[in-house]
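Single-structure report; data block below.
Predicted, not measured: the structure shown is a model, and the values here were computed from it. Throughout, numbering of the chain's residues begins at 1 and tracks the sequence.
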Amino acid sequence: MKGRNSVTLHNLYDSLSQIIPAALVKVDEPLKKYTYTKTGGNADYYISPVRYEEVSAIMKFAKEYQVPVTFLGNGSNIIIRDGGIRGIVLSLLNLKDIQVEYDQIIAGSGAAIIDVSRTARDHHLTGLEFACGIPGSVGGAVYMNAGAYGGEIKDCIDHAKVIDENGEMYTLDKLDLELEYRTSAIQQRHLVVLEATFNLQRGDINIIQELMDDLTQRREDKQPLEYPSCGSVFRRPPGHYAGQLIQEAGLQGHRIGGVEVSTKHAGFIVNVDHGTATDYEDMITYVKATVLKHSGVELQPEVRVIGERL
């Protein structure tokens with residue numbers, strides 16, 4: 001990798017250390033430490049900014065010197081290939097502040113959406129109970145309009161602070177976010193969420209807790225939480241359920257390498273024995289082909305696959 005001003009991987013560390021604290025930069029960092037599947041190669045440079053201005057500075061630097069940047073949340077709905085990621089991996093996990101202002105919650109991109117849901121409960125606010133079991137960050141949840149048990153982010157978000165590829169920060173309101181089933185303007189316009197503000201309502205903490213307990217129990221009963229996974233792998237096909245189609249195709253328990261189609265919930269692919277990202281990709285390809293042959297329905301992955309193959 002080489003930019004027009006001759007910044008290479010060999011001197012990138014020194015250049016980055018001039019615009020952000022050197023302690024924030026890790027070199028040749030294993031990304032499997034940061035993914036729910038426990039798979040993935042190394043990042044050339046892994047950076048965890050603590051301020052929005054640092055994110056902006058890195059983006060502007062990368063733009064000027066043509067250094068590729070990949071954003072990473074909490075790694076819950078992503079597969080990073082075994083060859084890793086070149087350039088800069090920018091983690092937003094340190095942007096995790098959660099503030100409550102009357103009936104609103106303002107949360108940083110790196111905050112766990114589960115924690116935001118619990119904060120809402122603790123302040124007697126209702127509207128985020130559905131998120132009590134979603135294992136994603138706020139940024140990831142807005143990016144894909146995450147949802148569960150009849151609720152989704154678009155039901156309660158007010159606006160989001162975002163940053164573009166040029167390092168410019170601005171705000172998008174609910175309509176501008178264009179939140180639909182597992183998609184958003186964030187995806188289409190290659191933006192990144194820095195912060196989101198949610199509009200909630202006053203509620204009874206006992207009723208809120210009762211609903212959260214019920215949803216948590218339903219999740220634990222149905223999902224294979226005992227194994228590493230990337231969550232629900234495929235989008236819901238119109239008129240069908242992905243898990244049901246996979247089950248009907250006889251794929252539960254099917255194993256490739258160290259990964260397996262869950263016997264508890266067919267919509268999940270779990271890492272049961274030191275599986276690799278390649279195992280995951282091969283399994284996704286196999287499941288898609290088998291379901292298409294069996295039912296005529298073409299499954300579309302919900303999980304993001306990024307990085308380089310070995």
Side-chain angles (χ1 to χ4, degrees), residues 48-56 71 73-74 76-77 91-164 167-189 191-219:
S48 299
V50 296
R51 298 184 299 114
Y52 299 156
E53 290 76 15
E54 290 170 346
V55 179
S56 177
F71 282 86
N74 73 341
S76 62
N77 194 236
S91 168
L92 301 182
L93 290 183
N94 281 330
L95 305 179
K96 57 185 178 181
D97 288 347
I98 302 174
Q99 302 175 44
V100 180
E101 295 183 1
Y102 302 103
D103 294 347
Q104 288 188 327
I105 290 185
I106 303 98
S109 176
I113 193 66
I114 290 175
D115 290 340
V116 180
S117 176
R118 292 170 179 166
T119 299
R121 172 203 61 197
D122 294 344
H123 288 79
H124 301 245
L125 295 173
T126 182
L128 266 171
E129 291 90 337
F130 72 90
C132 69
I134 296 176
S137 64
V138 167
V142 176
Y143 176 90
M144 65 178 298
N145 185 30
Y149 299 110
E152 52 189 348
I153 292 298
K154 77 172 184 178
D155 297 334
C156 54
I157 195 168
D158 184 76
H159 63 271
K161 181 178 289 186
V162 302
I163 189 168
D164 63 21
E168 300 300 324
M169 293 183 284
Y170 49 95
T171 298
L172 294 180
D173 63 23
K174 181 175 182 175
L175 289 178
D176 290 334
L177 286 168
E178 299 176 11
L179 299 168
E180 299 296 340
Y181 177 68
R182 303 300 177 263
T183 189
S184 67
I186 304 298
Q187 295 181 36
Q188 307 305 322
R189 295 167 57 182
L191 304 174
V192 175
V193 176
L194 295 176
E195 174 186 289
T197 297
F198 301 96
N199 278 336
L200 305 173
Q201 299 81 41
R202 290 286 157 181
D204 184 311
I205 190 170
N206 295 313
I207 295 175
I208 294 170
Q209 184 65 63
E210 183 178 343
L211 177 55
M212 291 174 69
D213 289 343
D214 175 60
L215 296 181
T216 298
Q217 187 63 54
R218 289 163 64 182
R219 180 171 176 265

Donor-acceptor pair, side chain of [X] and main chain of [Y], under 3.5 angstrom:
X	Y	value
E129	L215	no
S109	V193	yes
T216	M212	yes
S56	G167	yes

Going by atom type alone, with no hydrogens or angles, which donor-acceptor pairs under 3.5 Å involve a side-chain atom of residues 135-148 and a protein atom two or more places apart or on another chain?
from, atom 1, to, atom 2, distance (Å)
S137, OG, G140, N, 3.1
N145, OD1, I153, N, 3.3
N145, OD1, K154, N, 3.0
N145, ND2, E152, OE1, 3.1
N145, ND2, E180, O, 2.8

Can you confirm whether [X] sits close enough to [Y] that some side-chain heavy atom of one is under 4.5 Å from a side-chain heavy atom of the other?
X	Y	value
I186	L177	yes
L172	R189	yes
R202	L125	yes
Y170	D164	yes
D173	D176	yes

Donor-acceptor contacts, no H, no angles, side chain residues 92-102, under 3.5 Å, sequence neighbours left out:
from, atom 1, to, atom 2, distance (Å)
N94, ND2, S48, O, 3.1

Rounded to the nearest 0.5 Å, what separates atom [atom1] in [X] from atom [atom2] in [Y]?
X	Y	atom1	atom2	result
H123	I208	NE2	CD1	12.0 Å
L128	L200	CG	CG	5.0 Å
Y52	K161	OH	NZ	6.0 Å
L211	C132	CG	SG	7.0 Å
D158	T197	CG	OG1	6.5 Å

Heavy atoms only: give me the nearest [X]-[Y] pair and the separation to one decimal.
X	Y	answer
A196	I157	CB-CD1, 4.1 Å
P49	S91	CD-O, 3.1 Å
A131	I113	CB-CG1, 3.7 Å
N74	S76	OD1-OG, 3.1 Å

Problem set entry | Basic-acidic side-chain contact under 4.0 Å: D214, R218 |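 The answer is yes: the pair qualifies as a salt bridge.
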For this session: Dump the intermediate steps for side-chain contact (heavy atoms from CB on, under 4.5 Å) on I205 and R121, then the final yes or no.
Result: CA-CA 6 Å; I205 190 170; R121 172 203 61 197; 4.1 Å; yes
Exercise. side-chain contact (heavy atoms from CB on, under 4.5 Å) with Y181: which residues, sequence neighbours excluded?
Worked result: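 Partners of Y181 by the side-chain contact (heavy atoms from CB on, under 4.5 Å) criterion, ordered by chain and then number, come out as R235, R236, E302.
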For this session: Decide if atom CD of E210 counts as having more than 12 heavy atoms of other residues, nucleotides or ligands within a radius under 6.0 Å.
Result: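 Counting neighbours around CD of E210, 12 or fewer heavy atoms of other residues, nucleotides or ligands fall under 6.0 Å, so no.
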For this session: Identify which one of I207, D213, N206 satisfies the side-chain contact (heavy atoms from CB on, under 4.5 Å) criterion when paired with Q209.
Result: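 The passing option is D213.
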